[in-house]
Amino acid sequence: ERLQRESMEELRSKGASSVDLARAQVELARIHFEQGKRPQARELLGEALSVLREAVLPQEVRRAEAESLARQLTLKG
C-alpha cells in the first residue's frame with residue numbers, strides 16, 4: 001500500500017495524465033479491498049471510474065479491472 005501511494009505521489013509530481021493517475025488509483029483500491037478496507041477502496045474506485053469511463057474503452061485492462069472490483073464492492077456507476 002505504501003509503495004503504491006508513493007508511486008501515485010510521484011505520478012502527480014511529474015504531471016501525469018488523469019488517466020494514468022486513475023489507473024494507479026485502481027491498483028490502490030484493489031490493495032485496500034484485499035486488506036478489507038472497503039470504504040477506502042470505494043472512494044478511490046469511484047474517483048478512478050469517473051475518469052476511466054470518460055477516457056477509455058470498457059475493454060481497457062485497468063478499466064475492466066475497476067469495473068469488476070466495483071461489482072464486488074457493489075458500487076454502482
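Scope of the values below: all heavy atoms of this structure, side chains included, with no hydrogens, waters or symmetry mates. Numbering of residues begins at 1 and proceeds along the displayed sequence.
- Distance check: Q25 CD to S50 OG gives 8.0 Å after rounding to the nearest 0.5 Å.
- Scanning both residues, R63 and P58, for their nearest heavy atoms gives NH1-N, 3.5 Å.
- Remark: E6 CD is packed, more than 12 non-hydrogen atoms of other residues, nucleotides or ligands lying under 6.0 Å away.
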* Please test V51 against L21 for side chain to side chain contact (heavy atoms under 4.5 Å, CB included), starting from the C-alpha separation and ending with a verdict. => CA-CA 9 Å; V51 171; L21 288 171; over 6 Å; no
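- Note on L52: it does not cluster hydrophobically with L11, by side-chain heavy-atom contacts below 4.5 Å among ILVMFWY residues.
- Hydrophobic clustering (ILVMFWY, side-chain heavy atoms < 4.5 Å, transitive): L49 and V26 are in one cluster.
- Checked against R12 for a side-chain contact (heavy atoms from CB on, under 4.5 Å), the options E9, K14, E10 give a single hit: E9.
- To the nearest 0.5 Å, the span separating CZ on R5 from CD1 on I31 amounts to 9.5 Å.
- Atom CD of E60 sits in a crowded spot, with more than 12 heavy atoms from other residues, nucleotides or ligands closer than 6.0 Å.
- Put simply, CZ on R38 and CD on Q72 are 8.5 Å apart, with the number rounded to the nearest 0.5 Å.
- Interatomic distance, R30 CZ to L73 CG, rounded to the nearest 0.5 Å: 12.5 Å.
- Under 4.0 Å is where a charged nitrogen must lie from a carboxylate oxygen, and between E67 and R71 no such pair does.
- At a threshold of 4.5 Å between side-chain heavy atoms, the hydrophobic network of Ile, Leu, Val, Met, Phe, Trp and Tyr places V56 and L44 in two separate groups.
- Here the shortest heavy-atom pairing between A22 and A48 reads O-CB, 3.5 Å.
- One finds the CZ atom of R62 at 11.0 Å from the CG atom of D20 (value rounded to the nearest 0.5 Å).
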* To do: Dump the intermediate steps for side chain to side chain contact (heavy atoms under 4.5 Å, CB included) on K37 and E1, then the final yes or no.
  => CA-CA 11 Å; K37 299 176 182 177; E1 177 185 345; 2.9 Å; yes
* Asked: Could you go step by step and tell me if E27 and M8 meet the side chain to side chain contact (heavy atoms under 4.5 Å, CB included) rule?
  -> CA-CA 10 Å; E27 181 61 23; M8 283 179 54; over 6 Å; no
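- Of the possible donor and acceptor atoms, one in the side chain of Q4 sits under 3.5 Å from a partner among the backbone N and O of A24.
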